[in-house]
Amino acid sequence: LAQAEAILRERVRQHWMGEGVTLLDPASTFIDASVRLGRDTVVYPNTHLHGKTTIGEECQIGPNTVIKDSGIGERCRVLASFLEEVSLEPEADVGPFSHLRPGTYVERNTHIGNFVEVKNSRLGRATTVGHFSYIGDATLGPNVNIGAGSITCNFDGVDKHHTLVGEDAFIGCDTLLVAPVEIGNRACLLYTSP
């Protein structure tokens, strides 16, 4: 069975290379037969693409990336991260070392940096979540900045609650947004040490 699977996986890889996709190390790249890839996309080593995943043209995927049942728009970059049931609009940028969980929707030109976890949330256009943050059950408007170490505290021990952050808001480092909470447009929350 392992030999048969290896033959079928090689056929899938050869098909996509024939369609204009670059696989830098085909032997370490796993692509399910159900996956769809756009022309001029580059897939780096040790990348796994599973389920109903679709990836647009001119993307950079990997290395060390797992994407499952997700839609990735054109010209996106996903580096060393895990995405499951996620939608990325064109020109989104994820990773390294981020985890995007089911129900995440990332709009165009949004940056999700290193060690960020996002779950069941929508991140508006040109929003930045640079590093070491958790965004769960939240809606972030366009052009929002989330500082390092910021968390949406969505669970009270019994129920999940929603966080809403308006457009052009600036959330500084180490900010805890205890849901349910709404932050207005152009608000500025800065961490102040004691």
Side-chain angles (χ1 to χ4, degrees), residues 41-42 44 47 53-68 70-155 160-193:
T41 282
V42 179
Y44 289 83
T47 293
T53 294
T54 60
I55 296 176
E57 295 183 355
E58 300 177 29
C59 291
Q60 296 178 33
I61 308 297
N64 306 317
T65 293
V66 177
I67 302 177
K68 180 178 179 183
S70 296
I72 311 299
E74 296 177 351
R75 297 174 302 283
C76 287
R77 180 174 176 263
V78 181
L79 171 62
S81 294
F82 187 95
L83 283 64
E84 183 177 9
E85 298 177 30
V86 168
S87 295
L88 301 184
E89 288 188 0
E91 298 165 1
D93 175 18
V94 177
F97 313 119
S98 287
H99 184 189
L100 276 56
R101 295 168 52 195
T104 296
Y105 190 98
V106 178
E107 294 185 14
R108 180 183 294 267
N109 293 324
T110 291
H111 171 69
I112 297 172
N114 51 297
F115 303 102
V116 174
E117 182 175 357
V118 183
K119 188 265 307 184
N120 192 34
S121 296
R122 186 179 185 107
L123 280 62
R125 184 176 184 147
T127 284
T128 298
V129 185
H131 19 249
F132 305 106
S133 295
Y134 172 72
I135 306 296
D137 299 299
T139 301
L140 308 182
N143 200 38
V144 168
N145 179 82
I146 301 292
S150 296
I151 299 170
T152 59
C153 306
N154 57 325
F155 186 52
K160 299 286 180 75
H161 299 282
H162 194 79
T163 296
L164 176 63
V165 179
E167 65 182 57
D168 299 312
F170 185 94
I171 309 299
C173 294
D174 294 325
T175 301
L176 305 181
L177 300 173
V178 182
V181 64
E182 182 174 341
I183 308 299
N185 296 341
R186 294 171 295 284
C188 183
L189 300 178
L190 297 177
Y191 172 76
T192 302
S193 60

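Since the structure is predicted, the reported quantities are computational estimates derived from the model, not experimental observations.
We find the CD1-CD1 distance between Ile183 and Ile171 to be 5.5 Å, quoted to the nearest 0.5 Å. Rounding to the nearest 0.5 Å places CG of Asp137 at 4.5 Å from CG of Asn120. Here the CD-CD1 distance, from Glu84 to Ile67, works out to 12.0 Å after rounding to the nearest 0.5 Å. Here the straight-line distance linking atom CG of Asp174 with atom CG of Leu189 works out to 13.0 Å at 0.5 Å rounding. Rounded to the nearest 0.5 Å, atoms OG1 (Thr54) and CD1 (Ile72) are 7.5 Å apart. In this structure, OG1 in Thr104 is found 11.5 Å from CZ in Arg122, a value given to the nearest 0.5 Å.
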For Lys160 and Asn154, what are the C-alpha separation, side-chain angles and deciding distance, and is it a side-chain contact (heavy atoms from CB on, under 4.5 Å)? CA-CA 5 Å; Lys160 299 286 180 75; Asn154 57 325; 3.7 Å; yes

Candidate pair Arg77 and Gln60, rule side-chain contact (heavy atoms from CB on, under 4.5 Å), full reasoning: CA-CA 5 Å; Arg77 180 174 176 263; Gln60 296 178 33; 4.1 Å; yes

Please evaluate residues Thr127 and Glu107 with respect to the criterion side-chain contact (heavy atoms from CB on, under 4.5 Å), reporting the C-alpha separation (whole Å), side-chain torsions for both, the decisive distance (0.1 Å), and the verdict. CA-CA 8 Å; Thr127 284; Glu107 294 185 14; over 6 Å; no

Set out, in order, the CA-CA distance, both residues' side-chain angles and the distance that settles side-chain contact (heavy atoms from CB on, under 4.5 Å) for Arg186 and Glu167, then state yes or no. CA-CA 6 Å; Arg186 294 171 295 284; Glu167 65 182 57; 3.9 Å; yes

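Between Gly172 and Ser150, the shortest heavy-atom distance links the atoms O-OG, 2.9 Å. Thr47 and Asn64 make their closest contact through OG1-N, 4.0 Å (heavy atoms, listed as atom of the first residue, atom of the second, distance). Ser121 and Ile135 make their closest contact through OG-O, 3.6 Å (heavy atoms, listed as atom of the first residue, atom of the second, distance). Smallest separation of non-hydrogen atoms from Cys59 and Thr41: N-OG1, 3.0 Å. The heavy-atom pair separating Thr152 from Ala138 by the smallest distance is CG2-CB, 4.2 Å.
Val78 places none of its side-chain heavy atoms less than 4.5 Å from the side chain of Ile55. A heavy-atom distance below 4.5 Å is found between the side chains of Leu100 and Val106. Using a 4.5 Å cut-off on side-chain heavy atoms (C-beta onward), Arg75 and Glu57 make no contact. Using a 4.5 Å heavy-atom cutoff, the side chains of Val94 and Thr65 are not in contact. No side-chain heavy atom of His162 sits under 4.5 Å from any side-chain heavy atom of Pro180. Between Phe82 and Arg101, the closest side-chain pair of non-hydrogen atoms is not below 4.5 Å. Within the 4.5 Å cutoff, side-chain heavy atoms of Arg125 are placed close to those of Asn109.
For residues 106-130, every residue pair satisfying the ring-ring contact (aromatic ring centres under 6.0 Å, His included) rule, not counting sequence neighbours, is listed here: Phe97-Phe115, Phe115-Phe132.
Just one residue in the list Ser81, Ser133, Ser98 forms a side chain to side chain contact (heavy atoms under 4.5 Å, CB included) with Ile112, and that residue is Ser98.
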